[in-house]
Amino acid sequence: MIAVQGMRVVPTVPVSMAVMVEPGTIIWDNGETTVLKESVKLQVQSSGTQAFKDHAYQIRGEADKLPGYWNGESIRGSGGAPYQRMIPGTLTVYNESRSIPYQESIDYIVDWYWGTVKRKAGGAIARDERLSVDYEVYLCRYDAVAISRDGQFKLIRGSDEAPESRELLLPDPPMVREGRVLAHLFVGWGATAIHDGEYAIRHSSGTLDELDEVRIRGRYMDMIPRTYFIQRVKIDEALSSNEGSGLESMMIRTGATGEEYGTGMERKRENMLWTEPQSYVRNEPIPLLLQSAYGFPVDWGLSLDVSLADRAMANEALSEISVTVYPHAIFDMRDATNVPDSAVTIRNSGGAARLNHKMEAGENVRIAYYGESTSRSGRWPYLVASQLRGLYPHSSIKTSNMAVGGESSLKGFERLSSDVLKVNPDFVFIEYMLNDMCSGMLEQTLELTERMISGILESGAECAIVTVNGMNPQFHEQGSARLFRSYHDKLIELADRYGVVFIGGYDYFEKLHEFGRYFLTELKGNMINHSWGNVDRSWGSFDDVLAKGIDRLWH
């Protein structure tokens with residue numbers, strides 16, 4: 001095994017479109033050693049842009065004002081919807097023959113983040129009209145920092161194209177066949193510098209002495225540098241009269257600067273949007289929330305650990321704290337022991353004992369998949385079935401995919417007897433976390449999941465709760481990693497209580513950065529929640545990793 005000490009890839013000081021490889025040593029698998037005594041600087045090219053001319057598009061949907069939000073379109077590129085991450089101000093819209101130019105905000109509404117174009121009611125564009133559009137998009141890609149066996153450092157540029165031209169413009173890291181990869185660099189949309197998650201905390205008194213214990217928790221998941229402002233809001237004396245001098249809770253609002261997704265506006269301190277004031281319990285972390293143009297707060301993963309700051313915030317002089325944060329664009333790949341499928345959690349494997357016994361005995365078995373689009377359209381159910389047929393060639397293994405795209409357990413529970421149990425399954429995979437999260441009715445979905453488990457066990461079958469990938473928090477206010485983790489852990493408790501199998505694919509998704517990947521680029525289908533391509537379903541590695549993780553259940 002190759003061992004690396006040092007040789008960490010870090011930003012330059014000051015930051016730029018370059019990175020530094022720090023001094024260190026690498027011991028190759030043949031025992032040879034390479035020593036780097038001085039830092040090495042590697043220049044990184046910008047991600048660039050791409051222009052599309054005379055792109056055929058049939059208008060869908062209506063909107064009254066910017067932004068237009070996502071409108072459900074899937075296939076992108078020629079003959080489909082415009083690509084996402086359009087560059088603000090670059091779109092021009094014509095009729096199909098390009099003889100009539102249409103006007104933004106009068107005839108149509110655009111969303112620069114989602115790449116959405118909708119007609120505006122009362123404008124000149126007819127319903128379902130075929131259009132010709134010109135626009136530009138930001139590209140993104142991965143580069144790999146690698147060292148060869150002769151001690152030479154290389155920056156290997158990745159591709160900014162998908163393998164199929166109609167897929168989203170999301171990259172994969174480049175293949176490196178020789179040498180050792182030290183880091184992946186994600187060169188994001190419109191990036192002007194390579195950062196690695198730096199942050200700085202300030203407050204309104206101008207000194208930091210009283211905030212020595214203030215820390216940032218979590219990992220910043222956005223790719224836009226921003227300054228967050230956390231402000232104490234004065235409340236009526238009647239509301240705080242019962243709190244006493246200890247101030248058991250505070251009313252807090254937050255806002256953030258930087259590009260506003262959807263509108264393309266650059267928000268400054270003087271015109272940024274604030275969240276509604278919310279009560280936060282003393283000594284609890286304060287989430288850093290960004291009020292989006294879509295009308296809900298977005299959580300990009302950070303919180304303020306206010307073990308001391310809450311006392312400071314009770315002071316008139318310290319009524320506001322600001323936190324400037326920068327993206328994580330450097331993904332450390334020096335640990336050669338990292339195996340992606342090992343991050344998929346398997347619990348209560350005994351909950352599949354009867355299924356294992358039947359397959360080992362060569363009996364006929366039926367496996368049912370019960371859930372949402374990630375089970376209905378994803379690849380992992382069929383990869384799992386293929387693995388089992390290879391492991392137990394003398395057993396006839398049949399599958400019934402009962403999943404329904406867009407469904408949560410609120411609706412899925414109604415189908416338990418009529419659809420799922422009706423096929424007399426030996427084993428049922430239950431996978432509803434994504435849509436259960438978006439329902440906002442978490443207690444009800446947990447209760448229904450428990451009733452699903454009870455019904456399946458009473459029928460004589462075994463089952464597993466499966467969690468898959470997370471989602472883009474820009475799409476839904478329930479889409480944050482913080483909420484997903486909380487719900488994931490409750491599903492673990494539920495599985496443990498009944499002794500059923502738990503398969504935590506979300507554990508891997510949450511650690512994608514440890515395997516050199518930015519989570520949004522893994523959502524290949526829609527940059528929302530689908531981890532496979534819309535055209536090429538085999539594009540995307542998440543389902544392969546999940547299936548390999550599940551394979552441990554049979555061993």
Side-chain angles (χ1 to χ4, degrees), residues 47-140 160-171 189-190 259-267 292-295 405-406 472 474-475 520 523-530 533-536 539:
S47 55
T49 64
Q50 185 169 344
F52 293 89
K53 181 82 170 176
D54 193 16
H55 180 135
Y57 176 61
Q58 185 172 5
I59 196 79
R60 294 187 187 180
E62 291 185 1
D64 294 324
K65 61 181 180 179
L66 194 73
Y69 197 53
W70 187 69
N71 64 356
E73 292 172 309
S74 55
I75 295 177
R76 302 291 170 138
S78 179
Y83 284 110
Q84 295 176 190
R85 298 311 302 261
M86 293 165 58
I87 300 175
T90 64
L91 176 70
T92 52
V93 178
Y94 302 88
N95 65 338
E96 187 174 14
S97 65
R98 296 181 68 88
S99 60
I100 302 174
Y102 293 122
Q103 299 182 60
E104 183 185 343
S105 301
I106 297 176
D107 301 316
Y108 65 90
I109 297 296
V110 63
D111 188 300
W112 303 107
Y113 183 85
W114 294 112
T116 300
V117 184
K118 297 182 179 180
R119 69 185 293 271
K120 185 169 184 180
I125 299 177
R127 295 181 187 275
D128 301 321
E129 182 177 346
R130 289 186 62 82
L131 305 172
S132 172
V133 299
D134 302 340
Y135 62 99
E136 295 180 33
V137 294
Y138 291 114
L139 299 176
C140 62
D160 50 25
E161 294 185 30
E164 157 59 49
S165 64
R166 293 167 294 171
E167 300 288 8
L168 289 177
L169 299 172
L170 297 174
W189 304 271
E259 180 190 342
E260 183 175 73
Y261 289 140
T263 70
M265 179 184 297
E266 187 70 20
R267 291 287 182 181
S292 75
Y294 303 113
N472 183 347
Q474 187 65 31
F475 181 74
L520 278 186
L523 302 177
K524 304 292 191 184
N526 52 17
M527 220 166 83
I528 297 171
N529 60 1
H530 287 175
N534 280 306
V535 183
D536 178 2
W539 184 47

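Given the structure is predicted, the values throughout are model-derived calculations rather than measurements. Heavy atoms only: backbone and side chains are in, while hydrogens, waters and symmetry mates are out.
When atom types are taken as modelled, the side chain of Tyr108 and the backbone of Ile59 share no donor-acceptor pair closer than 3.5 angstrom. For the pair Asp107 (side chain) and Ile125 (backbone), a donor-acceptor distance under 3.5 Å is absent. With hydrogens and angles ignored, the 3.5 Å screen pairs no side-chain donor or acceptor of Asp111 with any backbone N or O of Thr116. At least one donor-acceptor pair closer than 3.5 Å links the side chain of Lys118 to the backbone N or O of Gly68. For the pair Lys120 (side chain) and Ile109 (backbone), a donor-acceptor distance under 3.5 Å is absent.
Separation of atoms CG (Leu139) and CG (Leu170) is listed at 11.0 Å; rounding is to 0.5 Å. Interatomic distance, CG of Leu168 versus CG of Asn526, reported as 7.5 Å (0.5 Å rounding). From Ile87, atom CD1 reaches atom CD of Glu136 across 5.0 Å, with rounding to the nearest 0.5 Å. Separating the OG1 atom in Thr263 from the NZ atom in Lys65 is a distance of 11.5 Å, to the nearest 0.5 Å. Of the inter-residue distances, the one linking Asn472 atom CG with Asn529 atom CG reads 9.5 Å to the nearest 0.5 angstrom. Rounded to the nearest 0.5 Å, atoms OG (Ser132) and CD1 (Ile100) are 12.5 Å apart.
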Apply the test side chain to side chain donor-acceptor pair (under 3.5 Å) to residues Asn71 and Glu73: give CA-CA distance (whole Å), side-chain angles for both, the deciding distance (0.1 Å), then the verdict.
CA-CA 6 Å; Asn71 64 356; Glu73 292 172 309; 3.2 Å; yes
With side chain to side chain contact (heavy atoms under 4.5 Å, CB included) as the criterion, how do Trp539 and Glu167 come out once you've worked through the C-alpha distance, each side chain's angles and the decisive distance to 0.1 Å?
CA-CA 9 Å; Trp539 184 47; Glu167 300 288 8; 3.5 Å; yes
Take Val110 and Leu66 through the test side chain to side chain contact (heavy atoms under 4.5 Å, CB included) and record every step on the way to the result.
CA-CA 6 Å; Val110 63; Leu66 194 73; 4.0 Å; yes
Start with the C-alpha gap between Glu259 and Trp189, add the side-chain angles, then the distance that decides, and say whether side chain to side chain contact (heavy atoms under 4.5 Å, CB included) holds.
CA-CA 12 Å; Glu259 180 190 342; Trp189 304 271; over 6 Å; no
Test log, rule side chain to side chain contact (heavy atoms under 4.5 Å, CB included), inputs Glu104 and Leu91
CA-CA 9 Å; Glu104 183 185 343; Leu91 176 70; over 6 Å; no
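Gln50 pairs by the side-chain hydrogen bond (donor to acceptor under 3.5 Å, both in side chains) definition with nothing, not counting sequence neighbours. Partners of Arg267 according to the side-chain hydrogen bond (donor to acceptor under 3.5 Å, both in side chains) rule, which considers only residues two or more places apart in sequence or in another chain, are Glu260. Under the side-chain hydrogen bond (donor to acceptor under 3.5 Å, both in side chains) criterion, Gln58 pairs with no residue at all, not counting sequence neighbours. Among residues two or more places apart in sequence or in another chain, the side-chain contact (heavy atoms from CB on, under 4.5 Å) test is passed with Lys53 by Arg98, Asp134. By the salt bridge (charged side-chain N to carboxylate O under 4.0 Å, His left out) test, Glu96 pairs with Arg130, sequence neighbours left out.
For Asp64, the CG atom sits in a loose shell: 12 or fewer heavy atoms of surrounding residues, nucleotides or ligands are nearer than 6.0 Å.
In terms of heavy atoms, Glu62 sits closest to Ala121 at OE1-CB, 3.9 Å. Annotation for Gly264 and Trp112: closest pair N-CD1, 4.0 Å, computed over non-hydrogen atoms.
Contact check for Tyr138 versus Ser47: no side-chain heavy atoms found under the 4.5 Å cut-off. Side chains of Tyr294 and Gln474 form a contact here, defined as non-hydrogen atoms less than 4.5 Å apart.
Relative ring orientation between His55 and Tyr135 is described as tilted, the plane-to-plane angle lying within the 30° to 60° band. In this pair, Tyr69 and Trp114 present their aromatic rings perpendicular. The plane angle is above 60°, beyond the 30 to 60° band.
The side-chain hydrogen bond (donor to acceptor under 3.5 Å, both in side chains) analysis of residues 83-94, with sequence neighbours excluded, yields the pairs Arg76-Gln84.
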